[in-house]
Asks: 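The following block contains the structure, expressed as structure tokens.
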Amino acid sequence: AVTEHARVTAEARSAEETQRLGHAAHELRDTLNTAILAFHALKRGAVAINGSTGAVLGRSLMSLRDVIDRTLSQVRLEAGTQTPVRLPVVTFIDEIAATALLHADYRHIQFTIEPIDPALSIDADPQLLTSAVMNLLHNAFKNTPSGRSVVLRARAEERRLLIETEDECGGIPQGTGDLFQVFGDRRGSDRSGLGLGLSIARKAVRAHGGEIRIRNMPGKGCVFTIEVPLAAEESVPQAAL
């Protein structure tokens, strides 16, 4: 019975990996084809680089980078090769914001980063935790209509760091399944991608001893919160009396 269970488990894992590889290859091919078409149009000189074709090329290149980042994060998580270092939260968020601003600009979304306490720091793997936050931001940008806003904030609460992304997606519809499930339900009208981003984000956060929560605001949007421990000797500032 034990041998049969091990065999069935191994076959299921192999089938899941094959499906994941096939979907990733399909997404890479489609995105690369779009980028090539946009490049050839620009090369002919028929359109301007700062027009819609240039925007398509930019989005395609960003999407290619996102797929590669997700894949690298997945490999590192499964291999257990986390390398934690001390990270000032302000620096960590600023580096994420620089990339997020480009995504927001392409989608014509107002992106705001709320002020962060400069004394806060965490012990984390920069690449993995950055991947988790960026996946939440990508999710927010994809589901927020143009002209609306996305907010990124980070704050301390009871020896934990809370990193929040708040969007204006209109809320999560009733009956939506587990958003963190691989190849599971995805909210909004943009069905591009593999549905892997949130799953990888949760795995990356849990690898840091943390968790992700969702607060739904029907008719407005939702807030995704990453909660991870503050640095070991971190002293959380007390509110002024």
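Only this structure's heavy atoms are used, side chains among them; waters, hydrogens and symmetry mates stay out. One is the number of the first residue; the rest follow in order along the sequence.
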Asks: Any idea which heavy atoms bring V90 and P118 closest together, and the distance?
Replies: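 Here V90 and P118 meet closest at CG2-CA, 3.6 Å.
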Asks: Would you give the length of the straight line joining atom CZ of F141 to atom CE of M134, rounded to the nearest 0.5 angstrom?
Replies: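 Here the interatomic distance stands at 6.5 Å.
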Asks: At their closest point, which heavy atom of A156 faces which heavy atom of L120, and how far apart are they?
Replies: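 So the minimum-distance heavy-atom pair works out to CB-CD2, 3.7 Å.
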Asks: Taking the side chain as every heavy atom from C-beta outward, state whether R206 and E211 have any atom pair closer than 4.5 Å.
Replies: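 Yes, their side chains come closer than 4.5 Å.
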Asks: Between H103 and H138, how do the two ring planes meet: parallel, tilted or perpendicular, split at 30° and 60°?
Replies: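 Plane angle between 30° and 60°, so tilted.
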Asks: Taking S146 for its side chain and R107 for its backbone only, find out whether a donor-acceptor pair lies under 3.5 Å.
Replies: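 Judged by distance alone, yes, a pair lies under 3.5 Å.
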Asks: Can you check whether L152 reaches I163 side chain to side chain, under 4.5 Å on heavy atoms?
Replies: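 They are in contact (side-chain heavy atoms under 4.5 Å apart), so the answer is yes.
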Asks: So do D105 and L101 actually touch side chain to side chain, heavy atoms under 4.5 Å?
Replies: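 Contact flag for L101/D105 side chains = no.
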Asks: I'd like to check R215 versus C222 (side-chain heavy atoms, cut-off strictly below 4.5 Å). Are they in contact?
Replies: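 No, every pair of side-chain atoms sits at 4.5 Å or beyond.
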Asks: Any chance you could measure R159, atom CZ, to L230, atom CG, to the nearest 0.5 Å?
Replies: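 It comes to 6.0 Å.
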Asks: Do you know which two heavy atoms are closest between R160 and G209, and how far apart they sit?
Replies: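 Nearest pair, atom of R160 first, then G209: NH2-O, 3.2 Å.
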Asks: Indicate yes or no: at least one non-hydrogen side-chain atom of L137 is less than 4.5 angstrom from one of T99.
Replies: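 Counting from C-beta outward, L137 and T99 never come under 4.5 Å.
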Asks: Once rounded to the nearest 0.5 Å, what's the spacing between atom CD1 of I122 and atom CG of L161?
Replies: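 Interatomic distance, I122 CD1 to L161 CG, rounded to 0.5 Å: 5.5 Å.
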Asks: Would you name the heavy atoms of F111 and A100 that are closest together and state the gap between them?
Replies: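 The answer is CE2-CB, 3.6 Å.
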Asks: Which pair of non-hydrogen atoms, one from I109 and one from P145, has the smallest distance, and what is that distance?
Replies: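 Looks like CG1-O, 4.0 Å.
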Asks: Is there a chain of hydrophobic side chains (I, L, V, M, F, W, Y, each step under 4.5 Å between heavy atoms) that links L162 to I96?
Replies: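 Different clusters.
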Asks: Let's go through D117 and V89 carefully: what are the C-alpha distance in whole Å and the side-chain angles of both, what is the deciding distance for side-chain contact (heavy atoms from CB on, under 4.5 Å) to 0.1 Å, and is it a yes or a no?
Replies: CA-CA 8 Å; D117 184 348; V89 175; over 6 Å; no
Asks: Thinking salt bridges, do E114 and R155 make one under a 4.0 Å N-O criterion?
Replies: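 Result for this pair is no, no salt bridge flagged.
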Asks: If we only count heavy atoms from C-beta on, is the S149 to T112 side-chain gap below 4.5 Å?
Replies: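 No. Closest side-chain heavy atoms not under 4.5 Å.
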Asks: For the hydrophobic clusters of this structure (ILVMFWY residues joined by side-chain heavy atoms under 4.5 Å, transitively), does one cluster hold both V151 and I214?
Replies: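 No, V151 does not connect to I214 through the hydrophobic network.
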Asks: Side-chain contact test, heavy atoms from C-beta onward, threshold under 4.5 Å: evaluate it for H208 versus L129 and give yes or no.
Replies: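 Counting from C-beta outward, H208 and L129 do come under 4.5 Å.
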Asks: Under 4.5 Å between side-chain heavy atoms, counting indirect links through other Ile/Leu/Val/Met/Phe/Trp/Tyr residues: same cluster for V150 and V223 or not?
Replies: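 No, V150 and V223 fall in different hydrophobic clusters.
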Asks: Give the minimum heavy-atom separation between N216 and G171, together with the two atoms involved.
Replies: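 Shortest heavy-atom contact: OD1-CA, 3.4 Å.
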Asks: Does the pair E166 and K220 meet the rule for a side-chain contact (heavy atoms from CB on, under 4.5 Å), with working shown?
Replies: CA-CA 10 Å; E166 180 175 342; K220 184 179 186 298; 3.2 Å; yes
Asks: Any chance you could measure D167, atom CG, to K142, atom NZ, to the nearest 0.5 Å?
Replies: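 Reported to 0.5 Å precision, the distance equals 12.5 Å.
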Asks: Do side-chain atoms of N135 reach the backbone of S131 as a donor and acceptor pair under 3.5 angstrom?
Replies: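 Yes; judged by distance alone, with no hydrogens or angles, the pair exists.
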